Amino acid sequence: MKQEHNKGKGLTTAVIRTQIGNIEIEEKEGNIVRIEFTEEMNPTDEKNVTSPVLREAIKQLQEYFAGQRKEFDLPIKMQGTEFQKKVWQALQEIPYGEVSSYGKLAEKIGNSKAGRAVGMANHRNPIAIVVPCHRVIGSNGKLVGYAGGLDKKEWLLAMEKKYK
C-alpha cells in the first residue's frame with residue numbers, strides 16, 4: 001500500500017479499493033475537486049493519509065458502499081461553466097435510490113430544450129458518486145452513458161435501490 005500522493009500545485013490524491021473498482025480522490029486547498037474511477041492498481045494505505053479532507057472522503061465513500069450513507073457532507077469545489085455548475089447542483093438534488101432523465105434535469109434548470117447539453121455537462125462531472133451523475137437515465141428508462149462504464153452505473157443504482 002502506498003501513501004497519499006502530493007501532485008504539486010496543492011493537489012493531494014488517494015486511491016481506494018471499492019466493490020466496483022478503484023477510485024481516485026483529489027483534494028486541493030481543503031476541498032474535494034475530483035473523484036473518479038481509475039486504473040491505478042495500488043490503493044493508498046489509509047493509515048498514511050494525512051489530509052483530513054481526504055480521510056473524511058474515504059470514510060464517507062466507504063460508508064456509502066456499505067449502504068450506511070445516503071448523503072455526503074464533504075467540502076467540494078467544482079470547476080466548470082455556470083451552466084455545468086447549475087446541472088451539477090441539480091444532480092445533487094436527485095434523492096438517493098431514485099433516478100431522473102436528462103430532459104427532466106433540463107426542465108429543472110429552466111431550459112427544457114437543453115437535454116443534450118445537460119448530458120454533456122453530466123459527462124464532465126468531476127466528482128463521481130458524491131455528485132450523483134449515475135442517477136441520470138435516458139427518457140425511455142434505459143441506462144445511458146456513464147464515464148465509469150454502464151456496468152458501474154447499473155451496480156450503483158442497484159445498490160442504492162437495495163439500501164433505500
Side-chain angles (χ1 to χ4, degrees), residues 1-82 84-100 105 118 120-137 143 145-164:
M1 297 254 184
K2 64 180 189 174
Q3 293 189 340
E4 70 187 34
H5 179 65
N6 189 324
K7 291 180 143 183
K9 298 182 184 176
L11 297 174
T12 307
T13 64
V15 176
I16 62 168
R17 180 172 282 131
T18 73
Q19 296 92 317
I20 56 173
N22 289 348
I23 294 176
E24 185 171 36
I25 309 162
E26 189 171 86
E27 176 252 335
K28 181 177 183 178
E29 298 171 354
N31 293 293
I32 299 298
V33 295
R34 189 174 58 82
I35 297 176
E36 67 182 25
F37 291 97
T38 181
E39 297 298 316
E40 170 66 51
M41 297 307 295
N42 298 314
T44 306
D45 186 342
E46 291 173 46
K47 291 178 255 155
N48 295 326
V49 175
T50 58
S51 162
V53 173
L54 281 179
R55 275 200 315 269
E56 185 61 24
I58 291 168
K59 175 181 169 275
Q60 289 189 29
L61 283 165
Q62 289 171 335
E63 291 169 351
Y64 169 82
F65 281 107
Q68 300 165 340
R69 176 172 290 277
K70 294 177 175 50
E71 294 180 13
F72 292 92
D73 183 22
L74 294 169
I76 62 174
K77 186 169 186 176
M78 302 179 77
Q79 298 293 318
T81 66
E82 287 308 311
Q84 288 171 330
K85 289 177 183 178
K86 196 182 283 192
V87 170
W88 298 335
Q89 180 59 47
L91 289 173
Q92 293 176 73
E93 296 168 12
I94 303 171
Y96 179 93
E98 295 185 23
V99 294
S100 187
L105 281 175
V118 164
M120 292 303 295
N122 198 41
H123 179 70
R124 288 190 170 86
N125 170 21
I127 303 181
I129 301 170
V130 172
V131 178
C133 53
H134 62 277
R135 295 181 188 152
V136 182
I137 59 173
L143 297 186
Y146 186 61
L150 287 181
D151 58 328
K152 288 178 175 64
K153 181 174 189 162
E154 184 175 21
W155 191 96
L156 290 166
L157 291 173
M159 186 220 38
E160 289 186 5
K161 186 176 182 182
K162 175 183 175 182
Y163 291 113
K164 185 179 175 187

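Keep in mind that this is a model prediction, so the values were computed, not measured.
Checked against side chain to side chain contact (heavy atoms under 4.5 Å, CB included), Lys28 has the following partners two or more places apart in sequence or in another chain: Leu11, Val33. For Glu29, the salt bridge (Lys or Arg N to Asp or Glu O under 4.0 Å) test picks out no residue, with sequence neighbours left out. Residues passing the salt bridge (Lys or Arg N to Asp or Glu O under 4.0 Å) test with Glu39: none are found, sequence neighbours excluded. Every salt bridge (Lys or Arg N to Asp or Glu O under 4.0 Å) that Arg69 has, sequence neighbours left out, goes to Glu63. Tyr64 is linked by a ring pair (Phe, Tyr, Trp, His ring centres under 6.0 Å) to Phe72, counting only residues two or more places apart in sequence or in another chain. Scanning for salt bridge (Lys or Arg N to Asp or Glu O under 4.0 Å) contacts around Glu98 gives Lys164, with sequence neighbours left out.
Crowding of Lys77 atom NZ: a count of heavy atoms from other residues, nucleotides or ligands under 6.0 Å not exceeding 12. Annotation for Gln19: atom CD counts as buried by contact number, over 12 foreign heavy atoms lying within 6.0 Å. Counted within 6.0 Å of CD on Gln62, heavy atoms from surrounding residues, nucleotides or ligands total more than 12; the atom is thus considered enclosed. The 12-atom threshold is not exceeded at NZ of Lys86, counting heavy atoms of other residues, nucleotides or ligands nearer than 6.0 Å. Within 6.0 Å of atom NZ in Lys161, 12 or fewer heavy atoms from other residues, nucleotides or ligands are found, so the atom counts as exposed in its surroundings.
The main-chain N or O of Arg124 is never found under 3.5 Å from a side-chain atom of Trp88 such that the two would form a donor-acceptor pair. Put simply, the side chain of Arg135 never gets that close to the backbone of Ser100: no donor and acceptor are under 3.5 Å apart. Listed for the Thr44 side chain is a donor-acceptor partner under 3.5 Å among the backbone atoms of Val15. For the pair Glu56 (side chain) and Leu74 (backbone), a donor-acceptor distance under 3.5 Å is absent.
Between Leu156 and Phe65, some side-chain heavy-atom pair lies under the 4.5 Å cut-off. For the pair Asn31 and Pro75, the minimum side-chain heavy-atom distance is below 4.5 Å. The shortest side-chain heavy-atom distance between Leu91 and Leu105 falls under the 4.5 Å cut-off.
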Show the numbers, then the answer: is there a side-chain contact (heavy atoms from CB on, under 4.5 Å) between Met159 and Lys162? CA-CA 5 Å; Met159 186 220 38; Lys162 175 183 175 182; 5.6 Å; no
Trace of the side-chain contact (heavy atoms from CB on, under 4.5 Å) decision for Met78 with Asn125: CA-CA 8 Å; Met78 302 179 77; Asn125 170 21; 3.3 Å; yes
Evaluate the criterion side-chain contact (heavy atoms from CB on, under 4.5 Å) for residue pair Ile25 and Leu61; output intermediate values, then yes/no. CA-CA 10 Å; Ile25 309 162; Leu61 283 165; 3.6 Å; yes
Begin with the C-alpha distance, continue with both residues' side-chain angles, and end with the deciding distance and a verdict on side-chain contact (heavy atoms from CB on, under 4.5 Å) for Ile32 and Val130. CA-CA 10 Å; Ile32 299 298; Val130 172; over 6 Å; no
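Here the straight-line distance linking atom NZ of Lys152 with atom CG of Leu157 works out to 14.0 Å at 0.5 Å rounding. Taken to the nearest 0.5 Å, the CD1 atom of Ile76 stands 4.5 Å off from the CD atom of Gln92. One distance of note links CD1 of Ile23 with CZ of Arg17; it measures 12.0 Å at 0.5 Å rounding. To the nearest 0.5 Å, atom CD of residue Glu24 and atom CD of residue Glu36 are 6.5 Å apart. If you take CD1 on Ile20 and CD on Glu154, they are separated by 11.0 Å, rounding to the nearest 0.5 Å. Note that CD1 of Ile35 is 11.5 Å distant from CD of Glu27, once rounded to the nearest 0.5 Å.
The heavy-atom pair separating Gly148 from Phe37 by the smallest distance is CA-CD1, 3.8 Å. Contact detail for Tyr146 and Ala128: the closest heavy-atom pair is OH-CB, 4.1 Å.
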